[in-house]
A.B. asks: 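For reference, the structure I am asking about is given below.
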Amino acid sequence: MVEETIRTIKEAERKADELVKQAEEQCSEILERASAEAAEVKEQAAKQEKAKAEAKLAAAKAEGDESVKKALQDVDKQIASLKTDAGQKAADAIAAVIADIA
């Protein structure tokens, strides 16, 4: 009877050790999967943020290009106006010189 009890205790200890070993293996597997998933989530988040930043940069560049284009158009208009005014003043100056000569 004592031998049977000792055998039962040893069998229970063996099963307990096996369960602990299985639990440790499962824990390691869970931690590895969690680490891999965390790395994937981190990578995806970084990619998304990079894409957002690139989109904002492209939008800012387009806005800047549009501002430069508009400024150049305004400058071209001012140049045309100045040329027209200069041409008129040159004509007035020529007329004044001719009037003084005559």
Side-chain angles (χ1 to χ4, degrees):
M1 174 98 123
V2 172
E3 290 176 9
E4 184 66 30
T5 303
I6 292 172
R7 247 182 284 152
T8 303
I9 291 171
K10 285 185 179 183
E11 181 65 21
E13 287 176 345
R14 187 188 63 75
K15 286 182 180 179
D17 287 343
E18 190 175 310
L19 287 174
V20 167
K21 184 179 176 183
Q22 288 175 356
E24 287 174 348
E25 289 174 0
Q26 287 177 346
C27 180
S28 293
E29 290 173 8
I30 290 169
L31 289 174
E32 287 176 14
R33 280 196 308 262
S35 178
E37 288 175 16
E40 180 66 26
V41 168
K42 182 179 176 183
E43 184 179 336
Q44 291 299 323
K47 284 180 182 179
Q48 289 174 353
E49 290 305 313
K50 183 178 179 183
K52 286 179 186 178
E54 288 174 349
K56 286 182 180 180
L57 179 62
K61 184 176 181 209
E63 185 177 331
D65 290 347
E66 187 61 33
S67 294
V68 167
K69 182 179 175 183
K70 185 175 184 222
L72 288 174
Q73 288 173 344
D74 290 344
V75 168
D76 286 343
K77 287 178 185 176
Q78 289 176 359
I79 289 171
S81 176
L82 289 172
K83 283 182 180 180
T84 301
D85 289 347
Q88 183 61 42
K89 288 184 182 188
D92 291 346
I94 291 171
V97 169
I98 290 175
D100 282 345
I101 294 175

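Along the sequence shown, residues carry numbers from 1.
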A.B. asks: If I take atom NZ from residue Lys61 and atom CG from residue Leu57, how far apart are they, to the nearest 0.5 angstrom?
C.D. replies: 8.0 Å
A.B. asks: Let's go through Lys70 and Glu66 carefully: what are the C-alpha distance in whole Å and the side-chain angles of both, what is the deciding distance for salt bridge (Lys or Arg N to Asp or Glu O under 4.0 Å) to 0.1 Å, and is it a yes or a no?
C.D. replies: CA-CA 6 Å; Lys70 185 175 184 222; Glu66 187 61 33; over 6 Å; no
A.B. asks: When you measure from the side chain of Thr84 to the backbone of Ala80, do you find a donor-acceptor pair of N or O atoms at a distance under 3.5 Å?
C.D. replies: yes
A.B. asks: Do the side chains of Glu11 and Arg14 get close enough for a salt bridge, i.e. N-O under 4.0 angstrom?
C.D. replies: yes
A.B. asks: First locate atom OG of Ser28, then atom CD of Gln26, and finally report the distance between them rounded to the nearest 0.5 Å.
C.D. replies: 10.0 Å
A.B. asks: Side-chain donor-acceptor pair under 3.5 Å between Gln44 and Glu40, yes or no?
C.D. replies: yes
A.B. asks: Can you confirm whether more than 12 heavy atoms, excluding those of Glu3, are under 6.0 Å from its CD atom?
C.D. replies: no
A.B. asks: Using atom types as modelled and distance alone, determine if a side-chain donor or acceptor of Ser67 lies under 3.5 Å from a backbone N or O of Glu63.
C.D. replies: yes
A.B. asks: Considering only heavy atoms from C-beta outward, does the side chain of Leu31 approach that of Ser35 to under 4.5 Å?
C.D. replies: no
A.B. asks: So does Glu49 pair up with Lys52, basic N to acidic O under 4.0 Å?
C.D. replies: yes
A.B. asks: Start with the C-alpha distance between Asp92 and Gln88, add both sets of side-chain angles, then the distance that settles side-chain hydrogen bond (donor to acceptor under 3.5 Å, both in side chains), and finish with yes or no.
C.D. replies: CA-CA 6 Å; Asp92 291 346; Gln88 183 61 42; 3.1 Å; yes
A.B. asks: Salt bridge between Arg7 and Glu4, side-chain N to carboxylate O under 4.0 Å?
C.D. replies: yes
